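Right, one structure below, let's go through it.
For the single chain, residues carry numbers from 1 onward in sequence order. If you're wondering where the values come from, they're calculated on a predicted model, not measured in any experiment. Reckoned from all heavy atoms, side chains included, excluding hydrogens, waters and symmetry mates.
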Amino acid sequence: MADRSQYEELARQISAIGAVKRGLARHLPAECPGGSAAVLALLDRNGEMRMSRLAELLAVNMSVTSRHVAHVADRGWIERAPDPDDRRSRILRLTPEGRDMLDELGRRTTDLFAHSLRDWSDEDVGRLNALLARLRDSFGDCRTVQPARN
């Protein structure tokens with residue numbers, strides 16, 4: 001087991017990841033801010049779902065989720081169809097235009113990482129990917145167990 005100072009340094013490094021995320025966000029298209037990108041990515045990864053499930057996965061309240069959903073729906077990136085099991089609810093699903101936007105987001109993100117990490121070896125990038133996946137696994141999938149919060 002690592003000593004306490006290593007865990008303290010890990011906490012500092014994880015906190016500093018916010019700068020990386022902000023750098024990535026600056027390279028997103030202006031019409032697709034981070035919250036919108038998260039909605040598209042979750043629908044792509046998990047398939048169609050109700051807004052309540054999306055709020056749970058985003059770990060935000062329904063009003064925040066509604067704003068994100070309205071933004072992506074207004075741009076034609078998702079559709080809101082009546083839920084056949086409960087006509088008061090809507091099922092959210094990606095449209096072809098939403099998949100196109102996801103492709104654009106993926107290209108931009110990949111290009112930014114390729115540029116920013118150009119002096120890293122393939123081995124270093126692979127090791128970072130493996131260690132981040134392991135870290136995430138050690139915490140479990142937080143998006144499925146945490147209650148929605150503001």
Side-chain angles (χ1 to χ4, degrees), residues 1-73 75 77-78 80 83 85-86 89-95 98-150:
M1 185 165 160
D3 69 30
R4 184 165 181 83
S5 66
Q6 287 181 298
Y7 293 120
E8 290 168 349
E9 178 59 19
L10 177 60
R12 283 189 289 276
Q13 292 298 328
I14 294 295
S15 292
I17 292 293
V20 174
K21 290 177 71 174
R22 286 187 298 279
L24 287 169
R26 283 191 295 274
H27 285 83
L28 295 177
E31 70 273 14
C32 189
S36 297
V39 168
L40 297 175
L42 287 169
L43 286 171
D44 183 53
R45 188 177 312 129
N46 296 287
E48 62 184 38
M49 68 184 76
R50 288 182 177 180
M51 197 170 336
S52 58
R53 175 67 176 145
L54 182 61
E56 186 179 302
L57 291 172
L58 288 169
V60 296
N61 65 35
M62 285 294 284
S63 66
V64 172
T65 303
S66 293
R67 284 193 301 274
H68 291 319
V69 165
H71 182 86
V72 296
R75 280 148 186 81
W77 299 334
I78 67 167
R80 296 178 273 198
D83 184 340
D85 297 330
D86 179 356
S89 295
R90 298 279 183 246
I91 298 291
L92 309 174
R93 66 177 59 95
L94 279 175
T95 63
R99 290 194 192 287
D100 290 346
M101 178 51 69
L102 270 174
D103 289 345
E104 174 66 17
L105 297 173
R107 274 191 300 281
R108 286 177 182 233
T109 302
T110 299
D111 289 349
L112 180 60
F113 275 123
H115 175 76
S116 298
L117 306 181
R118 66 186 173 279
D119 59 338
W120 288 40
S121 69
D122 288 349
E123 181 181 279
D124 285 345
V125 174
R127 189 175 27 231
L128 177 62
N129 284 330
L131 289 171
L132 287 172
R134 184 175 174 192
L135 177 65
R136 214 176 46 248
D137 288 346
S138 293
F139 278 83
D141 188 354
C142 301
R143 293 168 305 193
T144 61
V145 293
Q146 287 183 345
R149 56 182 156 72
N150 295 331

Nearest non-hydrogen partners of Arg80 and Ala73, listed with the distance | NH2-CB, 3.4 Å
For atom CG of Asp122, decide whether the heavy atoms of other residues, nucleotides or ligands shown that lie under 6.0 angstrom number more than 12.
-> no
Would a 4.5 Å heavy-atom cut-off, applied to side chains only, mark Glu56 and Ser52 as touching?
-> no
Going by heavy atoms in the side chains, are Leu40 and Trp77 under 4.5 Å from each other?
-> yes
Is there a side-chain contact (heavy atoms from CB on, under 4.5 Å) between Leu135 and Ile14 once you walk through the steps?
-> CA-CA 11 Å; Leu135 177 65; Ile14 294 295; 3.8 Å; yes
Intermediate values then yes/no, salt bridge (charged side-chain N to carboxylate O under 4.0 Å, His left out), Asp124 and Arg127 = CA-CA 5 Å; Asp124 285 345; Arg127 189 175 27 231; 2.4 Å; yes
Beyond-backbone contact of Arg12 with Tyr7, side-chain heavy atoms, under 4.5 angstrom = no
Just how far is it from atom OG1 of Thr95 to atom CE of Met101, taken to the nearest 0.5 Å?
-> 10.0 Å
salt_bridge(Arg90, Asp83) N-O dist < 4.0 Å | no
Met49 and Ile91: CA distance, side-chain angles, deciding distance, side-chain contact (heavy atoms from CB on, under 4.5 Å) verdict | CA-CA 5 Å; Met49 68 184 76; Ile91 298 291; over 6 Å; no
Residue set satisfying side chain to side chain donor-acceptor pair (under 3.5 Å) with Asp3, at least two apart, ordered chain then number -> Ser5
Arg4 and Glu8: CA distance, side-chain angles, deciding distance, salt bridge (charged side-chain N to carboxylate O under 4.0 Å, His left out) verdict = CA-CA 6 Å; Arg4 184 165 181 83; Glu8 290 168 349; 3.6 Å; yes
Do Arg118 side-chain atoms and His115 backbone N/O form a donor-acceptor pair below 3.5 Å?
-> yes
Measure the spacing between CG of Asp44 and CZ of Arg99 and express it to the nearest 0.5 Å.
-> 5.5 Å
Between CG of Leu42 and NE2 of His68, what distance do you get to the nearest 0.5 Å?
-> 10.5 Å
Is the CZ atom of Arg134 crowded by more than 12 outside heavy atoms at less than 6.0 Å?
-> no
Show your reasoning for whether side-chain contact (heavy atoms from CB on, under 4.5 Å) applies to Lys21 and Ile17.
-> CA-CA 6 Å; Lys21 290 177 71 174; Ile17 292 293; 4.2 Å; yes
Tightest non-hydrogen contact, residues Trp120 and Val125, listed as CB-CG2, 3.9 Å
Go through Leu24 and Phe113 one step at a time and tell me if the side-chain contact (heavy atoms from CB on, under 4.5 Å) criterion holds.
-> CA-CA 9 Å; Leu24 287 169; Phe113 275 123; 3.9 Å; yes
Distance-minimising heavy-atom pair for Ala38 and Leu58 | CB-CD2, 3.7 Å
Minimum side-chain heavy-atom gap Arg50-Leu54 below 4.5 Å = no
What is the minimum heavy-atom distance between Cys32 and Leu105, and which atoms define it?
-> SG-CD1, 3.9 Å
Would you mind reporting whether Thr109 and His27 have side-chain heavy atoms less than 4.5 Å apart?
-> no
Mind listing the closest non-hydrogen atom pair of Leu92 and Leu43 along with its distance?
-> O-CD2, 3.6 Å
Output yes when a side-chain donor or acceptor of Arg22 lies under 3.5 Å from a complementary backbone atom of Gly18, and no otherwise.
-> yes
How close do Glu104 and Pro29 get, heavy atom to heavy atom, and via which atoms?
-> CG-CG, 4.4 Å
Under 3.5 Å, side chain of His71 to main-chain N/O of Glu31, donor-acceptor pair present?
-> yes
